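Working notes, beginning with the structure itself.
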Amino acid sequence: MIVDTLTSPIILFFVLGFFAALIKSDLSIPEAFGKAMSIYLMAAIGLKGGIEVAEAGFSVQLAWAALAGLGLSFLLPVPAYFLLVRFGGLKPVDAGAVAAHYGSVSVVTFVTAQEILTGRGLEPAGYMVAIMALMETPAIISGLLLLQGKKAPTPGVPKQSTTKLLHEVFSNGSVILLVGAFLIGMVAGKDGFAPVKPLFDTGFRGVLCLFLLDMGLVAARRLIQSRKLTLPLIVLAIAMPVMNGMIGAALGVAIGLDPGSAAILAVLAASASYIAVPAAMRLAVPEADPGVYLSMSLGITFPFNIIFGITIYAAMVQMML
Amino acid sequence: MIVDTLTSPIILFFVLGFFAALIKSDLSIPEAFGKAMSIYLMAAIGLKGGIEVAEAGFSVQLAWAALAGLGLSFLLPVPAYFLLVRFGGLKPVDAGAVAAHYGSVSVVTFVTAQEILTGRGLEPAGYMVAIMALMETPAIISGLLLLQGKKAPTPGVPKQSTTKLLHEVFSNGSVILLVGAFLIGMVAGKDGFAPVKPLFDTGFRGVLCLFLLDMGLVAARRLIQSRKLTLPLIVLAIAMPVMNGMIGAALGVAIGLDPGSAAILAVLAASASYIAVPAAMRLAVPEADPGVYLSMSLGITFPFNIIFGITIYAAMVQMML
Amino acid sequence: MIVDTLTSPIILFFVLGFFAALIKSDLSIPEAFGKAMSIYLMAAIGLKGGIEVAEAGFSVQLAWAALAGLGLSFLLPVPAYFLLVRFGGLKPVDAGAVAAHYGSVSVVTFVTAQEILTGRGLEPAGYMVAIMALMETPAIISGLLLLQGKKAPTPGVPKQSTTKLLHEVFSNGSVILLVGAFLIGMVAGKDGFAPVKPLFDTGFRGVLCLFLLDMGLVAARRLIQSRKLTLPLIVLAIAMPVMNGMIGAALGVAIGLDPGSAAILAVLAASASYIAVPAAMRLAVPEADPGVYLSMSLGITFPFNIIFGITIYAAMVQMML
Amino acid sequence: MVDTVIRKRIEIVIDTPLIPIIINMIKAVDISGWSVIHVDSGGGRDGEWQHDDVTGAAAKSILLAIASDEKAQALVDRIEPILETHRLLLTVGNVQVIRGDKF
Amino acid sequence: MVDTVIRKRIEIVIDTPLIPIIINMIKAVDISGWSVIHVDSGGGRDGEWQHDDVTGAAAKSILLAIASDEKAQALVDRIEPILETHRLLLTVGNVQVIRGDKF
Amino acid sequence: MVDTVIRKRIEIVIDTPLIPIIINMIKAVDISGWSVIHVDSGGGRDGEWQHDDVTGAAAKSILLAIASDEKAQALVDRIEPILETHRLLLTVGNVQVIRGDKF
Ligand SMILES: Nc1ncnc2c1ncn2[C@@H]1O[C@H](COP(=O)(O)O)[C@@H](O)[C@H]1O
Ligand SMILES: Nc1ncnc2c1ncn2[C@@H]1O[C@H](COP(=O)(O)O)[C@@H](O)[C@H]1O
Ligand SMILES: Nc1ncnc2c1ncn2[C@@H]1O[C@H](COP(=O)(O)O)[C@@H](O)[C@H]1O
Ligand code: NA
Ligand code: NA
Ligand code: NA
């Protein structure tokens with residue numbers, strides 16, 4: 001199965017980007033193009049999920065999956081935090097910030113997993129994209145709760161008020177776009193979607209290739225430029241996703257999800273955020289070192305998940321069934 | 001019909017953007033991506049119009065429509081100017097600048113109307129895109145004529161020469177692109193267009209969705225940040241398009257255009273520029289406050305036209321027939 | 001045939017851009033969009049070439065074509081250098097820098113030629129895209145060798161080490177992307193390509209139109225702003241591509257390439273780089289005046305090749321057969 | 001010849017996500033405005049970085065504000081405690097402006 | 001050690017569409033060059049703005065020009081009358097340059 | 001009130017492809033960091049240019065570095081010989097910084 005994955009153009013473009021950055025090529029994707037692709041991808045998966053839910057209707061599974069997703073995002077940072085402090089040797093502020101990343105999710109890992117699983121006949125349910133949106137932000141709150149009291153208030157700077165933080169968390173651009181496109185998909189339905197389908201459906205995998213090329217470059221550059229990674233942190237950046245993936249897989253199977261959906265729940269649990277959470281942490285815990293959390297989530301966990309993780313978590317689910 | 005409009009993904013993406021900006025989400029579309037989409041859309045509608053004219057040939061209607069368009073763009077600023085001074089309480093420089101916006105047209109409103117009307121079986125004639133290009137700039141000249149003498153010459157700054165201004169007006173990027181693509185469509189014809197059709201035709205509605213998402217964000221942010229809007233100005237920003245739309249509809253019906261073309265002429269009359277004219281006014285009348293004209297045309301008239309106006313103007317035409 | 005070319009939308013968009021810049025229109029394509037399109041085009045042609053080679057297998061022709069390409073890129077700068085010094089009146093540093101441009105290739109000229117030749121039933125072999133990648137960089141080394149000793153070392157600045165320069169040459173972004181996409185195409189093959197085909201195949205010609213619009217603008221602006229072009233340089237900027245094209249055509253026919261491949265080899269020989277080589281020259285020979293080499297390659301040779309050259313080189317090949 | 005007065009030119013190299021914190025301070029000390037300049041790349045104790053990175057969390061900008069001596073001092077006093085934790089680089093220079101009363 | 005002389009560093013925060021007006025003035029007073037710096041966002045008496053806006057009419061830039069005392073003064077004199085109407089923010093500072101004769 | 005010291009603000013208008021050469025010099029004289037500012041367009045003896053150009057070979061940037069007198073002088077000495085050949089525009093100004101020991 002790993003071989004399957006490794007001959008898929010999507011993964012190969014990621015490897016190409018990663019390789020180009022490692023040999024210090026000057027290949028680079030303009031920032032605006034990268035952002036444009038991520039907006040396109042989020043709109044496309046949101047729409048697709050919404051249409052599928054409009055077709056299939058709400059179900060008990062959906063409710064269970066939502067609960068599971070919320071719970072995972074909220075609780076996974078807790079063991080992560082203690083591992084990061086004890087085993088990783090991080091200061092509490094840094095550990096809290098990193099933990100929030102591992103509770104939250106990576107949209108690109110989700111999309112890549114969806115493509116790979118669908119290619120193997122394990123298509124996840126349409127509502128899983130909504131579950132992903134749900135999982136983006138609880139981990140941020142959870143990470144900040146872990147830091148409560150640990151963080152000396154800086155003189156002269158008023159503490160971020162909780163309502164302000166909650167607002168930031170729920171009005172986060174990617175959450176709004178995912179949820180908004182999901183609702184548009186539900187309202188428009190299959191017929192309403194038909195006219196816009198050529199862009200959002202047909203072009204999807206090709207754009208994903210180019211976006212993963214970009215992510216490969218970004219991940220490898222982050223890895224090269226990071227000076228904050230110690231061996232324990234590298235180990236944790238692989239062990240935590242495997243551990244979280246296993247918990248996600250077990251939970252998915254336990255609540256009776258179909259194999260594809262359970263696998264994608266595992267992928268979501270295993271993946272670590274590198275867009276929404278870093279931005280939130282930068283603002284809420286500026287003392288935490290972005291060099292640590294970006295290197296771990298983007299430099300190690302993300303490539304690990306794309307190349308090996310997805311296949312591993314799918315295998316876990318199939319062994320548990 | 002309003003309900004129809006409100007379940008179209010195109011409009012829903014606009015509403016999503018508008019909503020995101022209202023709740024102060026950090027969702028944003030990179031500037032370069034927005035410009036890229038508008039270049040794509042203009043090239044696509046230009047090509048499409050040119051091909052249709054190549055098929056249908058020139059006609060008396062086309063000539064009448066061109067005359068009507070030119071006349072509307074040149075004359076609509078006149079009543080607008082007096083309304084803005086008397087009822088809106090604007091200074092002459094500001095009133096002249098705003099009036100020019102309402103004589104000119106909005107490309108996105110045109111494209112959205114074309115999609116919505118086509119969806120209802122009221123497809124406008126292909127040449128209407130050329131009429132739109134014709135209508136972009138006369139209003140600028142008209143607005144400046146209204147200001148003749150009203151504007152104290154600033155010491156040390158040579159007056160903008162008229163030939164220089166005319167050059168700027170006719171070499172305007174969007175006019176060149178629209179007219180150029182139109183001519184390319186006419187030269188290439190249906191067969192020549194076939195190889196490039198997949199990009200320009202198939203992807204069109206999807207790109208329009210994402211572009212309206214962007215426009216929703218921009219319009220709402222403009223509305224929130226504006227401090228120059230008074231109640232009379234808000235009323236005028238809705239009354240002027242309705243009035244202009246009615247004039248456009250009547251003229252379209254009077255010169256014997258088919259219902260779709262008459263409706264789109266009404267939409268063009270009703271729409272207000274927010275790209276070509278602001279840039280020209282900024283340079284020609286720097287004393288005019290951009291806060292006023294952008295807030296009115298982009299913050300109020302544009303969303304009003306997209307969500308309600310298009311349907312209203314189409315209904316006007318159908319009542320007049 | 002020239003007429004054929006001149007009614008193709010691809011060429012017409014180039015002419016439109018060129019015209020818009022000549023009349024000093026403010027039409028402009030955002031830098032990020034231009035770069036995005038060039039990344040897309042390189043990925044697309046790389047993939048396509050790789051898939052075709054995967055289908056057709058390696059062949060003796062491929063090996064001969066590779067040798068021919070390498071030889072052309074490495075040797076064409078030599079006569080160019082002497083012409084530029086003797087006839088063009090350039091200083092040695094400038095002549096060396098310009099010569100390197102004419103040994104290397106222009107990706108856009110290649111792609112445009114491929115489209116035009118395919119449209120005439122002269123489709124080049126798939127492997128020619130790999131030959132293009134091979135031809136990008138030897139000319140840089142060759143140009144620098146010509147300058148050996150001519151260039152006074154600047155006090156305080158350590159000479160660029162050769163290994164560093166070689167690294168820069170081979171890790172060049174466009175080489176990596178072309179070769180990488182080519183290999184991905186070979187690994188994925190026709191079946192693996194199927195899911196990403198809609199983006200890379202269907203949209204290709206349309207994107208090429210918009211990219212040539214951009215290139216038309218850039219080329220004409222470069223021509224207008226250049227103050228370094230003398231009549232001899234203008235003559236050389238047309239004579240050198242014709243001469244190089246003839247050599248390429250002869251070599252292609254001599255090694256037994258099919259007419260399409262021979263024609264594209266001629267196009268490659270005739271084309272001049274305006275991305276990889278200028279960047280390399282700027283860094284390796286900062287004393288050379290970029291105004292000279294960009295004006296010649298981008299302002300004159302590029303438009304000449306797009307509008308007339310491709311047709312001329314194809315005709316040369318057909319006369320030689 | 002036009003009359004000019006001396007004002008302070010405050011320049012802060014700052015992580016883009018942290019800009020709102022400083023803008024709040026600028027408003028608090030009643031400085032009349034600010035501009036955010038785009039920084040493409042850079043390097044420091046923490047290594048080098050480029051702007052073209054999807055996360056945006058590591059992007060940097062320059063905040064520029066022109067202010068009177070007094071307001072500049074008030075801003076510097078507020079920023080000083082977070083200078084190290086927020087990894088800011090703050091410089092203050094002198095410039096001449098026309099109609100200095102508006103700063 | 002290299003010889004340096006003092007020249008003026010003129011910095012103008014300006015609406016992007018108005019740049020050609022000032023460039024004409026720069027040329028008129030014979031200043032040798034200028035650079036336009038990209039401004040992402042800002043705030044002032046008129047509220048806040050972002051650059052990422054399709055209209056472009058509200059975008060701002062910074063015009064930077066290095067010039068001799070004399071030429072700088074000539075430029076400032078020309079700009080002064082339109083400072084308010086065109087909503088410019090003009091500052092002038094001192095910098096050292098090498099080979100000052102070219103400014 | 002916070003203690004400040006005077007440091008040098010070095011600003012270099014430079015062709016973007018040449019930046020690595022100067023960064024090497026910055027590192028060689030042990031200056032602690034630098035920032036690269038995005039320049040959109042400009043004009044000089046060689047005519048005008050815009051940034052939105054696919055070649056990238058003609059794009060310009062501004063390199064900004066804050067440094068002590070001594071290190072600034074060392075950098076200027078290194079740059080001086082290539083000032084003309086590499087078409088650099090170098091200016092040095094004075095700014096106040098807090099905790100000047102890190103520069
Ligand atoms: N004191 C200031 N320092 C730096 N930039 C300013 C200042 N005041 C205004 N600006 C810039 O100039 C623009 C227009 O200011 P205003 O005319 O006050 O609305 C603002 O959006 C800022 O980008
Ligand atoms: N006096 C100046 N002030 C600010 N920028 C300048 C000045 N002179 C030149 N430049 C910048 O340096 C670039 C090259 O100048 P030049 O070498 O004179 O062609 C110009 O395009 C400007 O961006
Ligand atoms: N001396 C300096 N001059 C100019 N910019 C600097 C300097 N030091 C640091 N920076 C900028 O601030 C960022 C963070 O620096 P640091 O905190 O030292 O890693 C760097 O990436 C640069 O963009
Ligand atoms: Na997770
Ligand atoms: Na109108
Ligand atoms: Na060549």
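As the structure is a prediction and not an experimental result, all values here were calculated from the model. Convention: sequence-line order gives letters A, B, ...; per-chain numbering from 1.
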Quick one, [X] and [Y] - any side-chain contact, counting heavy atoms below 4.5 Å?
| X | Y | answer |
| --- | --- | --- |
| E:Val92 | D:Val95 | no |
| D:Leu64 | E:Ile62 | yes |
| D:Ile37 | E:Asp40 | no |

Given that the side chain runs from C-beta out, which part of D:Ser35 has a heavy atom under 4.5 Å from chain E: side chain, backbone, both or neither? both
Tightest non-hydrogen contact, residues D:Ile98 and E:Val76, listed as CD1-CG1, 3.4 Å
Euclidean distance, [Y] [atom2] relative to [X] [atom1], rounded to 0.5 Å:
| X | Y | atom1 | atom2 | value |
| --- | --- | --- | --- | --- |
| E:Thr91 | D:Lys8 | OG1 | NZ | 13.0 Å |
| D:Gln96 | E:Arg9 | CD | CZ | 13.5 Å |
| D:Thr4 | E:Glu80 | OG1 | CD | 11.0 Å |

Per-residue contact mode, [X] against chain D (heavy atom under 4.5 angstrom):
| X | result |
| --- | --- |
| E:Ile10 | neither |
| E:Val13 | side chain |
| E:Leu89 | side chain |

Pick from E:His38, E:Glu84, E:Lys60: which one has the most heavy-atom pairs with chain D under 4.5 Å? E:His38
Considering residues, nucleotides and ligands other than E:Glu70, do more than 12 of their heavy atoms fall under 6.0 Å from its CD? no
